[in-house]
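Everything quoted here is computed from the prediction, not taken from an experiment. Chain naming here is simple, since letters A, B, ... match the order of the sequence lines and numbering starts at 1 in each.
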There are 2 protein chains.
Amino acid sequence: MKQVPFIEIDGGKVTLCQTVSICRYLAKSVHPDRWLGGATKTDSAKVDMMADGFADLFQLAAHAKYAPDGIKEAMQKNYKDTISVKLEIMQDLLKKSKGDYFVGKSIHWCDVYILGVLQALDEFDDEVFDKFPELQAYYLKMRNLPELKDYIDANWPETKYKA
Amino acid sequence: MKQVPFIEIDGGKVTLCQTVSICRYLAKSVHPDRWLGGATKTDSAKVDMMADGFADLFQLAAHAKYAPDGIKEAMQKNYKDTISVKLEIMQDLLKKSKGDYFVGKSIHWCDVYILGVLQALDEFDDEVFDKFPELQAYYLKMRNLPELKDYIDANWPETKYKA
């Protein structure tokens, strides 16, 4: 699809593009016995929905950050007008989830993707999570997962948000 | 997620948003014995990638069509600068597919979603498929599927493209 990011799979025979599609594929591959994709058809659909919803938020910030000069101001206004409304909705979904993660009690692949989007928002916008304590807590918990913490500490910018 | 479109599933207990996620869920539900989602993990990832790729094209046209006045001109220029490049890539992927559809020899749920995007592009842009004969042929074949044709003839605007 002549896009980044991409991965080559099946020994280089297939090039897979689209971040969300790549994440779903990797989730199936890394833990084939514990898919991380939702135990039921409904949970699986919720996982997809959450990933696609946060992909929209990523787009919102990316369009504001990388817009050409003629429309940059308008795109940044659009970001500012919209982001808090959207994050409020996301925080509500997190609170309504019957567990600590976006789809119930265990981590799904959408949570790992969402962590990446939250980091991008955090880096782009100094105040982004100021009014969202539950999202902050979720973001910090994900950054501090034992499986991820060392990598994140070594490679990601620091966050101003603290537990 | 306070968005349209949405569907209520599980007897109204769950509200599912995000068009692509809804399509994937419906594909699993309507033909549980013949999922339409790809027979292998790789095909399934390709189906996801194609749907997400065409979702980007839909966004490109929607942003141009519904942008507020201050940035409408710039968004329409962005559409015009980009759409043919993207459709060329999509047509190449179709030609490289080892069958008549985007992922091999049989219809997957991405094809039904793609049909919807192609119709939206066709309605938005009078010339959109003029330079893309293979995409045109695919679009007409999908519109004329026996399972869809009667509904489309009764409910969709006509297309200028003819077999």
Side-chain angles (χ1 to χ4, degrees), chain A residues 1-3 6-7 9-11 13-29 32 35 37-38 40-56 59 63 67-75 77-78 81 85-86 88-90 92-93 96 103 110, chain B residues 1-3 6-7 9-11 13-29 32 35 37-38 40-56 59 63 67-75 77-78 81 85-86 88-90 92-93 96 103 110:
Chain A
M1 216 168 264
K2 302 194 181 177
Q3 289 181 335
F6 69 88
I7 56 168
I9 59 176
D10 292 0
K13 278 185 292 182
V14 173
T15 302
L16 191 64
C17 300
Q18 291 285 346
T19 309
V20 171
S21 296
I22 291 171
C23 290
R24 188 182 293 106
Y25 176 87
L26 288 176
K28 290 182 191 177
S29 305
W35 175 31
T40 63
K41 192 171 66 174
T42 296
D43 275 0
S44 182
K46 285 186 192 173
V47 168
D48 292 340
M49 173 180 80
M50 292 314 312
D52 285 346
F54 274 95
D56 286 349
Q59 288 292 331
H63 285 156
D69 277 349
I71 55 171
K72 190 157 195 154
E73 210 174 318
M75 297 306 269
K77 182 174 182 314
N78 185 44
D81 291 347
V85 180
K86 301 270 191 192
E88 186 81 48
I89 293 168
M90 295 311 195
D92 279 348
L93 288 168
K96 279 180 197 151
V103 185
C110 67
Chain B
M1 218 169 260
K2 302 193 182 178
Q3 288 181 335
F6 69 87
I7 56 168
I9 59 176
D10 292 1
K13 278 185 292 185
V14 173
T15 302
L16 191 64
C17 299
Q18 292 285 347
T19 310
V20 171
S21 296
I22 291 171
C23 290
R24 188 183 293 107
Y25 176 86
L26 288 176
K28 289 183 192 176
S29 304
W35 175 32
T40 63
K41 192 170 67 175
T42 296
D43 275 359
S44 182
K46 285 186 192 173
V47 168
D48 290 340
M49 173 181 80
M50 292 314 312
D52 285 346
F54 274 95
D56 287 349
Q59 287 292 331
H63 285 157
D69 277 350
I71 56 171
K72 190 157 195 155
E73 210 174 320
M75 298 305 270
K77 182 175 182 313
N78 184 43
D81 290 349
V85 180
K86 300 272 189 189
E88 187 82 48
I89 293 169
M90 294 313 194
D92 279 348
L93 288 169
K96 279 181 195 148
V103 184
C110 67

By side chain to side chain contact (heavy atoms under 4.5 Å, CB included), Ala45(A) pairs with (sequence neighbours left out) Leu16(B), Tyr25(B)

When the 4.5 angstrom heavy-atom criterion is applied to Met50(B) and chain A, the contacting part is both

Across all chains, not counting sequence neighbours, the side chain to side chain donor-acceptor pair (under 3.5 Å) partners of Lys2(B) are none

The reported gap from SG in Cys17(A) to CG in Asp56(B) (rounded to nearest 0.5 angstrom) is 10.5 Å

Answer key: most heavy-atom pairs under 4.5 Å with chain B among Ser29(A), Ala67(A), Pro68(A), Ala51(A) is Ser29(A)

So NE2 of His63(B) and CD of Gln59(A): to nearest 0.5 Å the spacing works out to 8.0 Å

With chain A, the option among Thr19(B), Asp52(B), Leu93(B) that has the most non-hydrogen atom pairs under 4.5 Å is Asp52(B)

Interatomic distance, CD1@Ile71(A) vs CD1@Ile71(B), rounded to 0.5 Å, equals 6.0 Å

Next on the checklist: A side-chain contact here means heavy atoms from C-beta on lying under 4.5 Å apart; do Lys28(A) and Ser44(B) qualify?
Outcome noted: yes

Taking atom CG as the centre, does Asp81(A) end up with more than 12 heavy-atom neighbours from other residues, nucleotides or ligands that are less than 6.0 angstrom away? yes

When the 4.5 angstrom heavy-atom criterion is applied to Glu73(B) and chain A, the contacting part is neither

CA sep, side-chain torsions, deciding dist, call: Met49(B), Gln3(A), side-chain contact (heavy atoms from CB on, under 4.5 Å):
CA-CA 11 Å; Met49(B) 173 181 80; Gln3(A) 289 181 335; over 6 Å; no

Cut-off 4.5 Å, heavy atoms of chain A, and the answer for Asn78(B) is neither

Is there a side-chain contact between Lys86(B) and Met1(A) in this structure, where contact means two heavy atoms from C-beta onward sitting under 4.5 Å apart?
no

Margin query: A side-chain contact here means heavy atoms from C-beta on lying under 4.5 Å apart; do Lys41(B) and Arg24(A) qualify?
Written below: no

So, the part of Lys77(A) with a heavy atom under 4.5 Å from chain B: the answer is neither

Looking only at Val47(B), Ile89(B), Val20(B), Ile9(B), the option with the highest number of non-hydrogen pairs under 4.5 Å against chain A is Ile89(B)

Okay, Thr15(B) and chain A: the region with an atom under 4.5 Å from a heavy atom over there is backbone

